[in-house]
S.K.: 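The structure is given below, and queries will be raised subsequently.
For clarity, every value in this text was computed on a predicted model and none was experimentally measured. Numbered from 1 within each chain, the chains take letters A, B, ... in sequence-line order.
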There are 4 protein chains.
Amino acid sequence: MIKASVLGATGYAGAELIRLLSQHPDVELVHLTSHSVAGSELSDMYKNLINADIPTLSQYNVSTITQDSDVIFTSLPHGASKEVIPELFESGKVVIDLSGDYRYDDAKVYQQWYGQEHSSPYLLKQSVYGLPELHKDKISKSRLIGNPGCYTTCGILPLAPLVGSGLISTDGIIIDAKSGATGAGRAPSTGLHFCEVDENIKAYNLAKHRHTSEIEQELSNVAGKEIVLSFSPHLLPSKRGILSTIYATPVEGISKDDVYECINSFYAGHPFVNVMKDGLPEVKHVNGSNCCNIGFVLDTRVNRLILVSVLDNLIKGAAGQAIQNMNIVFGLNETTGLKMLPYYL
Amino acid sequence: MIKASVLGATGYAGAELIRLLSQHPDVELVHLTSHSVAGSELSDMYKNLINADIPTLSQYNVSTITQDSDVIFTSLPHGASKEVIPELFESGKVVIDLSGDYRYDDAKVYQQWYGQEHSSPYLLKQSVYGLPELHKDKISKSRLIGNPGCYTTCGILPLAPLVGSGLISTDGIIIDAKSGATGAGRAPSTGLHFCEVDENIKAYNLAKHRHTSEIEQELSNVAGKEIVLSFSPHLLPSKRGILSTIYATPVEGISKDDVYECINSFYAGHPFVNVMKDGLPEVKHVNGSNCCNIGFVLDTRVNRLILVSVLDNLIKGAAGQAIQNMNIVFGLNETTGLKMLPYYL
Amino acid sequence: MIKASVLGATGYAGAELIRLLSQHPDVELVHLTSHSVAGSELSDMYKNLINADIPTLSQYNVSTITQDSDVIFTSLPHGASKEVIPELFESGKVVIDLSGDYRYDDAKVYQQWYGQEHSSPYLLKQSVYGLPELHKDKISKSRLIGNPGCYTTCGILPLAPLVGSGLISTDGIIIDAKSGATGAGRAPSTGLHFCEVDENIKAYNLAKHRHTSEIEQELSNVAGKEIVLSFSPHLLPSKRGILSTIYATPVEGISKDDVYECINSFYAGHPFVNVMKDGLPEVKHVNGSNCCNIGFVLDTRVNRLILVSVLDNLIKGAAGQAIQNMNIVFGLNETTGLKMLPYYL
Amino acid sequence: MIKASVLGATGYAGAELIRLLSQHPDVELVHLTSHSVAGSELSDMYKNLINADIPTLSQYNVSTITQDSDVIFTSLPHGASKEVIPELFESGKVVIDLSGDYRYDDAKVYQQWYGQEHSSPYLLKQSVYGLPELHKDKISKSRLIGNPGCYTTCGILPLAPLVGSGLISTDGIIIDAKSGATGAGRAPSTGLHFCEVDENIKAYNLAKHRHTSEIEQELSNVAGKEIVLSFSPHLLPSKRGILSTIYATPVEGISKDDVYECINSFYAGHPFVNVMKDGLPEVKHVNGSNCCNIGFVLDTRVNRLILVSVLDNLIKGAAGQAIQNMNIVFGLNETTGLKMLPYYL
């Protein structure tokens, strides 16, 4: 059994991670930490967990945690992770961080988009960007994984094969993303009040959302040249799921089959990416699962390729992907504990 | 023009009141107060009001407000109203209070259900319970009106004719009420986070919700004897509207026609109550309007009368009713500024 | 491996059943039938199933199905089940019927509430009411199971211990139930159009919903005397989950502990019923799981016991319960294939 | 009083039109037609209208209608309008058509996008595209108005000033639009079932939605050269409102102020368009009103202008706009009967 601990257990991503880990056949949960409600049960807050066999919430204690755990998941706010990860990493244990703190190759990019200096830039050389469909080998050899965000996974997966193969121009890419409200986390605010979100839709952080920089980093690496792009997030009146509508300029003469083959062959052997030759994916096709589904339309009238990708932001966009990374690091089958089908209804 | 001011402009009930008052043909808004954001525009917060001709938010100042206003609406939290109303009332102006502070005949009942002593119990003799369908005459002669809450209006209106006429037993009445989330107000909390309310339903404050006492007071007055009852509120995954399903024991031998005639004749001449002989009301039949619709089923198999009533909690359950009361006090037609049809979609 | 077939695969309950069966460790799906779309894949319609290993939809053929299957689930409309079940039952295979057709002890009650004669009343003697928490032994020995409906399970489970023990009066019970729209099935109609359900709530079929008769049958059997009661269904603006608020008159002198002990001990050893000593259950505590959670408030002021029960109507109220029944019949652990935790978000 | 009739009264746009017309101070409704339910009351179907003073539904009769009406609104399915409009137009009365049938300058474009020949192409010379902010003068002199669709109004209004002034390139424009489900009309279908729309989002008709051609026609006319663009509609889990996120390439050197001035000055004197210098519009800022709000972000990092526009698809995108057109034709103030503020909550 892999002994696992979770720091920041009470957020939406943390609670989802614990729900999934508690059902994972090869995992034993040893410590769940919470600063604010240590001593209570996570199931007091998340009553779906009353029958789960999980430890009581405790205060973070670095020596206990590193001694008892094989893997430590940090599901802390951006900026807070980098305060604890150096000491966790030093212990020699595997660390999978769900924040943005260890997703960057370059501390300057982090500083530019997160507005704070990175306190452990030396660790960025050790950390791997935890998108298994792009970096499975590196992940399998790493002990520090920067688990990608929801918007980024949903943006990178459909585009990587195409920018890598040169089927689309690397200029002028636009990602118009629509997300359910769990993506914004559990902390209450007026903007997340039911009556503000329900029956509404809004765009936010246009031209300045942090995830832009992650997507640009990864796609630039795949393309072998710098890519800048537009990323436009929107808040939907729903809980889970992201749908990204992506606009790109195809190179001359490519066909629908070319696009399909490019993406589909890229993800051969990757169990969580489903590519649709016809039809378009919807969030209800993936919610509840670790899948990312990708469809597309090639509009020759205006010479544009429109990609549509969907995933469950709490699973493939956070907790499920973290478990997928753990599976890889520990030599398990990538799908262990992640086989649940989407629930549709 | 009636010069009107609103204290507590930024809550959901306050903002709805201002939206309606700004469209009222005989009203001029003079002061809107807010403790936290005085100096800013209400339309910064409620962008639906950008084209409304309304004053800038200001700090509460008793002499300015009482000098400039004919009527003062207080849309403050329960308990806060009673701190300012004595001085407002002393000015001789009309005060319409949307909180629970002046809805009681007896300060002891207030203390029992609100858990605090009433600081101006002498004013309870001056105040009128502002349910126009029951107390229109008194309201027309009053200067201090305790505007009823949403649950209470939805519970009292269908029951008052029946307990008054003796068609139902005064024992064993149950009100099972389901409300949209605007009823809980604008202050953010985990329980009102979109992701907690959406796709959920919960019962809350069973057997101890404050509105129980208001309903009991009014129905007891109508019946001429003490009525105690069960009131069970539920939070719906929707914004507006209350539906109450009410269970009562009919006296022997009454017919469907008896029930219909009793309720319908009681509300003859009352423009905002619609009684359905057949079919049942739904919240979408009234949302956006000042109406309360009432339907019923007489179940002879189990000897039970089931009433269903609906209203828009922000309008007939708060802001619209306050304007209806103002219309009555100032001698206008009761429906002035309140003729908008429900929007259904 | 248990070879299982599903008749009526394309409805919401059928599709949920197949989703769960395809993940059951001891089940192999052999035939899925659909009258209207035989020859196509279920995953064309339910794209959450694209990675599920399930057979192509086929036309119903009694000899193929009975030859190849150990258990046959019939998820057909009420009335349609009884046209095929006699021939399925004759084959000696296990039949689990999700319709109302084989839930009754007495064909006359069926006829009265379903408005049609029962064509195989002799089979009602063979069939068992498939509520495992009440009839586990009988189920284990039966080959024809009338799988209870969602409203009924949610109504019977909280009440059975209390009427059985005499802690509440058998007179005057009221079940006020609120259900998500999946309970109404997949067939499109104006009443189920998104714009009609969203931001609305309505009561329907008051005093005449068919499930009333099922609840009365089962509770009367437990109580050993005839019980008639009020059952009031409401349609919520949500997809899944039922919450029932139940009103009963407690016998004199009982305490909160008495109520808790009564219900909790009744369900000792029943893994899917959770009884809460404090707090009240919400649908998000159970959605996605096979659990039914029960809480209560004893209101001594008005001498009333208010029970609140919740379940996922597609799982404990349909597909999950059917699998639980199958597990019992085939001697598996009751929870096999049904261990998924509720998803909360 | 203007005597008005509505053909196709029972659809969502028709019912909304009647709701608004019944509250219009200068309009008297004379005939409301319905093929399927003539003889019944519209308020049987739309119970929000029980207090509205409106005629009983009747069968379409050309001579009665043209004799009795000053203006005839046709709210029929696309294709059906053109079967009746020639005879209505011949009568000399004003006809305002809410379908797509008379929105085109060129019958060939209609045929290409609607897949059917136009039976009265000669009338396209008489008809005016009823977008008052672009064609007020022509509308005031016309008797046949092709009232624009919801998506088109939301796409044309933000772009027209910019393509007209040359501040953006006419190449590469993308409109990513998100709409509530009322836009799809009232006819039930699986795709509009509550359980299919709720908690979901999907793109549909990518690269082939009919509204593309309308937007291209109008923007090409403004620009004085042919514009082709991408229009991508999405279905939201909400009832009302459209939000369009629009991507365009700004010409070199323009500033935020340039963009604001361009749009804002274009709509000077147009009461229903609100341009935001800072911040972005949300659908709840306009729902319930006839307004279209426009905001934008100029992203110099990637040289892209992102516009965001919102409107209520049933009002400014259908019924309200039709009334605005009627007001213009009959010489009333454009805002008569259309002054309702958005409801926000």
S.K.: Using heavy atoms and a sub-4.5 Å threshold, report which of residues 16-29 of chain B line up against chain D, by residue number.
M.R.: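 From residues 16-29 of chain B, the residues near chain D are B:E16, B:R19, B:S22, B:Q23.
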S.K.: Tabulate, in ascending numerical order, the residues of residues 182-196 of chain D having at least one heavy atom closer than 4.5 Å to a heavy atom of chain B, or enter 'none'.
M.R.: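 Checking residues 182-196 of chain D against chain B gives D:T182.
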S.K.: If you define the side chain from C-beta out and look only at heavy atoms, does anything of B:L280 sit under 4.5 Å from B:V297?
M.R.: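 When only atoms from C-beta onward are counted, B:V297 and B:L280 do touch, with a gap below 4.5 Å.
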S.K.: Hey, are D:K47 and D:E41 close enough for a salt bridge, meaning a charged N less than 4.0 Å from a carboxylate O?
M.R.: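 Looking at D:E41 together with D:K47, the answer is no, because their closest N to O distance does not fall below 4.0 Å.
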S.K.: What part of D:E199 lies closer than 4.5 angstrom to a heavy atom of chain B: side chain, backbone, both or neither?
M.R.: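 Side chain only.
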S.K.: Closer than 3.5 angstrom, by distance alone: can the side chain of D:H234 be matched with the main-chain N or O of D:A177 as a donor-acceptor pair?
M.R.: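 Judged by distance alone, yes, a pair lies under 3.5 Å.
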S.K.: Using non-hydrogen atoms and a 4.5 Å limit, figure out which bit of B:N293 sits close to chain D: side chain, backbone, both or neither.
M.R.: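 Answer is side chain: those atoms of B:N293 sit under 4.5 Å from chain D.
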S.K.: Strictly less than 4.5 Å between heavy atoms, which residues of residues 265-278 of chain B line up against chain D? Please order them by number.
M.R.: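 Near chain D, by residue number: B:N274, B:M276.
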S.K.: Just to be sure I understand the criterion: a residue of residues 334-345 of chain D counts if one of its heavy atoms is under 4.5 Å from a heavy atom of chain B. Which ones qualify?
M.R.: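 At a heavy-atom separation under 4.5 Å, chain B is reached by D:K339, D:M340, D:L341, D:P342, D:Y343, D:Y344, D:L345.
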S.K.: Answer with side chain, backbone, both or neither: which region of D:D198 has an atom nearer than 4.5 Å to a non-hydrogen atom of chain B?
M.R.: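 For D:D198, side-chain heavy atoms alone lie under 4.5 Å from chain B.
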S.K.: Do D:N327 and D:N333 pair up side chain to side chain, a donor and an acceptor below 3.5 Å, judged on atom types alone?
M.R.: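 No, D:N333 and D:N327 have no side-chain donor paired with an acceptor closer than 3.5 Å.
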S.K.: We want to know whether D:Q324 and D:N290 form a side-chain donor-acceptor pair, criterion being a heavy-atom distance below 3.5 angstrom.
M.R.: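 Result is yes, a qualifying pair exists.
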